[in-house]
Amino acid sequence: MRQKISSATASACLSSGTETLIQQALAASHARRIAINPSFLDDEKLPEAERVAVLQEVFHRNIRMRHLERLAKFLAPVVTGLLPPNLLIYGPSGTGKSVTCLHFLSSLSGMCTERGVPFRYCYVDLTTPRSCFGAFNELAIALDGSVRRYRKGIALEQMQEMIVSGLARDSGFVCVLIDEADNLTSDADIFLTFLAKTLPKRVPVRLFYVFLTNRLEWEKNLDPRILSVLKKQDMIFEPYDAMDLLEILRLRVEKALDTHRVEEAAIRKIAAYASRETGDARKAVELLVKAVKVAEESSGRLTETEVDVAEHSLEVDKTEELIRSLAPQQRLALQACYTGIGKHKSKISTGTAFECYRQVCEGAGMRPLTQRRFSDIVSFMDLYGLVNALVTSKGRYGKTRELSSSLPRQVIERMLDGRFEDQHTLLH
DNA sequence: ATTCCACCGGAAGGGGCGGGCC
DNA sequence: GGCCCGCCCCTTCCGGTGGAAT
């Protein structure tokens, strides 16, 4: 019915002048536009020079000053020709570890050039988990400055030779910044031994390393011999507090948005949300972007209301994304749990949920997993907050986990309607 | 105090698969 | 390109458990 009407209006529009409609839509969206310069909301889209300029400005606003001071204390000897210690920097994601270090190293490099001290730095990004081979690959690419990737299947020794020969012609100081160093999945020891022992002996340059990690316990899993060779200094980056986040957000707002349409209270609220959660600056900017989008689609002003709406919809987006990324069996299990919870109007036991799951599997034409495995999946979903699973004892009637809902109603409805299914089947 | 339920969750082992290595 | 190792997913088995019922 609804479809009929909409197709009827559509054909009417076509005949009566689609162009007018498009113009109207454009004018309306223009009138509500807040993001004048949206690329400033996404660092990835900025050209290198602009990105550096934005960073300069961030650091001019007394953000991360203490950390810059400490970095300077450790690394400044380079300018006078002394080899600084290696650094290990801890801090949760989104606390600006990489950004601060890159900014600092770029300034340091500038000073060294002025004073005629040969210095360069390179950035090894292990954000996506890498094996030992992958790490060598990244390092080789970072050192020789090319974009090519070395072919898989080369022996590790050969990779090491390439790295050595890449540095053989160099002289002066080289700083290697290794981001997310804890992401080495296998044989981290081989990689680090090479960095700490082999490489410095075999190349004429004077090497020092800065490792970044967000796991405090990383160091404990390492071979103590490597640690002693590294002779490193430790530093900690705390999460941003609300005031820092507010400064960062204000800068973005000034650069990217129409400030007349943005209320200060809204920005404060975003900063408060983000600092209450993890103090992650990326998340704060993400929320700002969403709020701007919400505002542009509705009132055309960014106020606290838009921030609340954006916060909620971001939450929904995240859980829906999580559900979409589940393996088929996990998704069936999740569906079964919510079918069961819906049917019984209350908490259900693992046994009941498993029964539902068997039926759902039958409906979907899939072989059900064992109850043991199902139980593991429930634990997993509990861990990720997709269901609440509380272990309770019902005395003589056994011990079980009570499953209850933990998702917003609209997400459950969409899931049970099978609306996530479509995209999944399209993918396959 | 003891029994007993209904499941928890650890351990071990098999099969499949992808990535590292040559 | 092909081999092989290690990892992941899954099953099977089984001892463990908190508290209502007896």
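Labels below follow one simple rule: chain letters A, B, ... track the order of the sequence lines, proteins then strands, and each chain is numbered from 1.
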For Ser349(A), report the nucleic acid contact type (base, sugar-phosphate, nothing); a contact means any heavy atom under 4.0 Å. sugar-phosphate

Measure from CD on Glu355(A) to P on dC7(B) and round the result to the nearest Å. 10 Å

Given atom CZ of Arg373(A) and atom C1' of dG14(B), what is their separation to the nearest angstrom? 15 Å

In whole angstroms, how far is the P atom of dC8(B) from the CZ atom of Phe354(A)? 11 Å

Overall bend of the helix from dA1(B)-dT22(C) to dC22(B)-dG1(C) (five pairs an end, 10° steps) is 20°

For Leu403(A) and dA6(B), what is the distance between atoms CG and P respectively, to the nearest whole Å? 17 Å

Side-chain donor-acceptor distances from residues 198-208 of chain A under 3.5 Å, at least two apart:
from      : atom 1 : to        : atom 2 : distance (Å)
Arg202(A) : NH1    : Glu161(A) : OE2    : 3.0
Arg202(A) : NH2    : Glu161(A) : OE1    : 3.3
Arg202(A) : NH2    : Glu161(A) : OE2    : 3.4
Arg206(A) : NH1    : Gly81(A)  : O      : 3.3

Do Arg64(A) and Tyr240(A) form a cation-pi contact, if we require the NZ or CZ to be under 6.0 Å from the six-membered ring centre and within 45 degrees of the ring's axis? yes

Please report, rounded to the nearest Å, how far the P atom of dG9(B) is from the CG atom of Leu383(A). 12 Å

Provide, to the nearest angstrom, the distance between the CD1 atom belonging to Ile348(A) and the P atom belonging to dC7(B). 11 Å

Taking atom types as modelled and ignoring hydrogens, do the side chains of Ser109(A) and Ser106(A) form a donor-acceptor contact shorter than 3.5 angstrom? no

What is the distance, to the nearest angstrom, from the CG atom on Leu369(A) to the P atom on dT12(C)? 11 Å

Ion pair check, Lys318(A) and Glu286(A), cut-off under 4.0 Å: yes

Is it the case that the side chains of Asp241(A) and Ser275(A) hold a donor-acceptor pair, with the cut-off being a distance below 3.5 Å and no angle test? no

Side chains of Asp179(A) and Tyr123(A): do they bring a donor and an acceptor to under 3.5 Å? yes

What pairs of donor and acceptor atoms, side-chain ones from residues 69-78 of chain A against any protein atom, are under 3.5 angstrom apart with sequence neighbours left out?
none

Starting at atom CG of Leu390(A), determine the distance to atom C1' of dC8(B), rounded to an integer number of angstrom. 13 Å

Lys347(A), NZ: over 12 other non-hydrogen atoms inside 6.0 angstrom: no

Are Glu402(A) and Lys394(A) within salt-bridge range, i.e. N to O under 4.0 Å? yes

Here the side chain to side chain donor-acceptor pair (under 3.5 Å) pairs for residues 363-379 of chain A, sequence neighbours left out, are Arg372(A)-Asp376(A), Ser375(A)-Arg401(A), Ser379(A)-Arg401(A)

No-hydrogen, no-angle side-chain donor-acceptor test under 3.5 Å, Thr95(A) and Glu238(A): no

Thr400(A) vs dA6(B): side-chain N/O to OP1/OP2 distance below 4.0 Å: no

Between Thr350(A) and dC8(B), is there a contact of a side-chain N or O with OP1 or OP2 at under 4.0 Å? yes

What residues from residues 356-368 of chain A pass a heavy-atom cutoff of under 4.0 Å to DNA chain B? none

Spell out protein contact along nucleotides 13-22 of chain C as letters: B when the base is contacted, S when just the sugar-phosphate is, - when no protein heavy atom is under 4.0 Å; keep the 5' to 3' order. B---BBBBSS

